[in-house]
Amino acid sequence: MKKQPQQHSSRGCQEPRPHVAPSAGAGPGQGGAWRRRRPLSLLPFLSLRDYGFCMAALLLFCLGSLFYQLNGGPPHFLLDLRHYLGNSTYLDDHGPPPRKVLPFPSQVVYNRVGKCGSRTVVLLLRILSERHGFNLVTSDIHNKTRLTKNEQVNLHISPTRFGGEQPVYINIIRDPVNRFLSNYFFRRFGDWRGEQNHMIRTPTMRQEERYLDINVCILENYPECSNPRLFYIIPYFCGQHPRCREPGEWALERAKLNMNENFLLVGILEELEDVLLLLERFLPHYFKDVLSIYKNPEHRKLGNLTVTVKKTIPSPEAIQILYQRMRYEYEFYYYVKEQFHLLKRKFGLKSHSSEPPPKPEFFIPSPLETEEPIDDEEQDDEKWLEDIYKR
């Protein structure tokens, strides 16, 4: 009998065997005890379908973020998706946020509208420039809404068009009839700073024109009391297009658009203290302490000297005619006032008056004249003030 070799059944003593890949034709029962192993996965709890869904969602998010940055806002399909899912954002619940405060704008342009507190603001800017160390540059161009290209560059009217830096714009307007009356009597009789300062400003005005009754001027349709001379505030916001000097809906809507897109703040003179407070919050590098300076008794004395003298109120009939002729001016004024009050509420400021005054009821206007404005004596209306400040 042949002696068969003794087999050891102890598994702990088995020698390691080299791993040999099975042949291509070998199955589970061939080539030894080979078994198919499940590949390793970084996400053991997700199936391949779930993993693909996650990657697709990540890709969609990346593309949406890319479109958001390239277009300056979210793409429409993301907005539709958000609307479909029923989600909301801060803008949905609270409306658009207030305009942000620029850290330090290099240029602030105050394209002042005549007889809207501009001399008071310029006086404050002179004090602030000395206190905070910024340069205050004033212009000799006043009451002129149609400028040459060189004048536009010098006054920063269209900086991006001529390759310059976009400045920050601010402005103040007032009730159109009150502005007109202030300008009418100021050109004739000046203010409390001197009995003869009106002679310096309008030396060629005839005596019969200087003492022309305001009611006669309005009711008899003198050029100074009719369009286009009454169309005054809107051209400061409309721009340099020729139609900006024509009273109408086109100039009105363009002025609203420019105000919303290019102006940091447009206030109203009737609430000047709130205007100064917002300027101090928006542009602290320039307007810090402006409200305390304005309330200072010494500054109050100077401010009282700039009040127009010999101002009288026209008859109700004449005022109603002014309302009719200044229809578009009032539409813009009330739009600015509404936006200003909205901005005040966002910053926790309350209006002084509990109820707004009633808006004038306009007649249906006849076709308005669109001839060129008269620039004879009015274009240098405030130039004399700059000479006084330089003394």
Side-chain angles (χ1 to χ4, degrees), residues 110-121 142-145 170-188 214-215 217-219 221-239 243-259 263 265-272 275 307-308 311-341 351 353 356-366 368-370 373-374 378 381-382:
Y110 169 45
N111 63 322
R112 51 180 179 166
V113 180
K115 307 310 299 175
C116 292
S118 58
R119 289 180 296 164
T120 299
V121 176
H142 302 289
N143 297 320
K144 187 178 181 182
T145 57
I170 60 174
N171 214 328
I172 301 174
I173 65 175
R174 71 188 293 188
D175 181 273
V177 167
N178 289 336
R179 192 217 68 83
F180 164 74
L181 295 178
S182 179
N183 182 72
Y184 183 89
F185 293 102
F186 180 74
R187 294 183 66 244
R188 287 162 169 78
I214 182 66
N215 292 296
C217 181
I218 298 172
L219 297 176
N221 201 23
Y222 277 64
E224 186 177 0
C225 301
S226 60
N227 284 306
R229 294 285 288 275
L230 294 179
F231 192 68
Y232 185 85
I233 298 177
I234 289 179
Y236 278 87
F237 297 87
C238 180
R243 294 184 64 183
C244 288
R245 302 193 305 278
E246 301 178 2
E249 291 288 342
W250 189 92
L252 171 65
E253 295 302 323
R254 184 175 177 124
K256 291 180 181 179
L257 179 63
N258 285 336
M259 189 204 76
F263 282 81
L265 175 66
V266 180
I268 56 176
L269 183 62
E270 293 82 359
E271 301 175 30
L272 181 58
V275 176
V307 177
T308 303
K311 186 189 299 184
T312 61
I313 301 177
S315 65
E317 180 184 1
I319 291 180
Q320 182 61 49
I321 292 178
L322 285 179
Y323 282 155
Q324 177 185 354
R325 294 173 182 173
M326 304 175 78
R327 168 183 176 179
Y328 299 108
E329 294 277 281
Y330 266 100
E331 289 190 25
F332 182 73
Y333 169 74
Y334 282 114
Y335 177 80
V336 171
K337 189 175 183 178
E338 181 182 2
Q339 298 299 314
F340 179 67
H341 286 172
S351 300
S353 58
K359 299 181 181 181
E361 297 180 359
F362 301 105
F363 294 112
I364 299 177
S366 58
L368 301 175
E369 299 292 336
T370 57
I374 302 174
E378 191 177 1
D381 185 45
E382 296 178 353

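Everything numeric here is computed off the predicted structure, so don't read it as measured data.
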Going by side chain to side chain contact (heavy atoms under 4.5 Å, CB included), name the residues that satisfy it together with Leu269, two or more places apart in sequence or in a different chain.
Ile172, Arg174, Leu272
If you compare all heavy atoms of Ile268 against all heavy atoms of Val275, which two are closest, and at what distance to 0.1 Å?
O-CG2, 3.6 Å
Pairwise distance CG(Leu252) to CG(Leu257) - rounded to 0.5 angstrom:
11.5 Å
Residues two or more places apart in sequence or in another chain: which of them pass side-chain hydrogen bond (donor to acceptor under 3.5 Å, both in side chains) with Tyr222?
none
Taking side chain as C-beta onward, heavy atoms only, is Pro176 less than 4.5 Å from Tyr232?
no
Do Tyr110 and Asn171 have side chains that get closer than 4.5 Å, going by heavy atoms?
yes
Is the closest side-chain heavy-atom distance between Val266 and Phe237 below 4.5 Å?
yes
With Glu317, which residues qualify under salt bridge (Lys or Arg N to Asp or Glu O under 4.0 Å), at least two apart?
none
Minimum heavy-atom separation for Ser226 to Asn221, with atom names?
CB-OD1, 2.8 Å
Spell out, as yes or no, whether a donor-acceptor pair under 3.5 Å connects the side chain of Asn215 to the backbone of Ala318.
no
Taking all heavy atoms of Ile214 and all of Phe180, pick out the closest pair and write down the distance.
CD1-CE2, 3.9 Å
Nearest 0.5 Å please: distance from the CD atom of Glu249 over to the OH atom of Tyr328.
5.0 Å
State which residues pass side-chain hydrogen bond (donor to acceptor under 3.5 Å, both in side chains) with Tyr333; sequence neighbours excluded, sorted by chain then number.
Glu270
Mark yes or no for whether Asn227, through its side chain, and Arg325, through its backbone, hold a donor-acceptor pair below 3.5 Å.
yes
Could you check whether any side-chain heavy atom of Arg254 comes within less than 4.5 Å of a side-chain heavy atom of Cys244, counting everything from C-beta outward?
yes
Residues forming a side-chain hydrogen bond (donor to acceptor under 3.5 Å, both in side chains) with Glu224, sequence neighbours excluded
Arg187, Arg188
Do Glu329 and Leu230 have side chains that approach each other closer than 4.5 Å (heavy atoms only, starting at C-beta)?
no
Calculate, to the nearest 0.5 Å, the distance between atoms NZ and CG belonging to Lys311 and Asn183 respectively.
10.5 Å
Under the ring pair (Phe, Tyr, Trp, His ring centres under 6.0 Å) test, residues paired with Phe231 that sit two or more places apart:
none
Which pair of non-hydrogen atoms, one from Ile173 and one from Cys116, has the smallest distance, and what is that distance?
CA-SG, 3.8 Å
Under the disulfide bond (SG atoms under 2.5 Å apart) test, which residues partner Cys225, sequence neighbours left out?
Cys217
Measure across Lys115 and Ser182 and return the closest heavy-atom pair with its distance rounded to 0.1 Å.
CE-OG, 3.0 Å
Closest approach of Phe332 and Met259, non-hydrogen atoms and distance?
CZ-SD, 4.5 Å
Residues that Ile319 engages under side chain to side chain contact (heavy atoms under 4.5 Å, CB included), provided they are two or more places apart
Ile313, Pro314, Tyr323
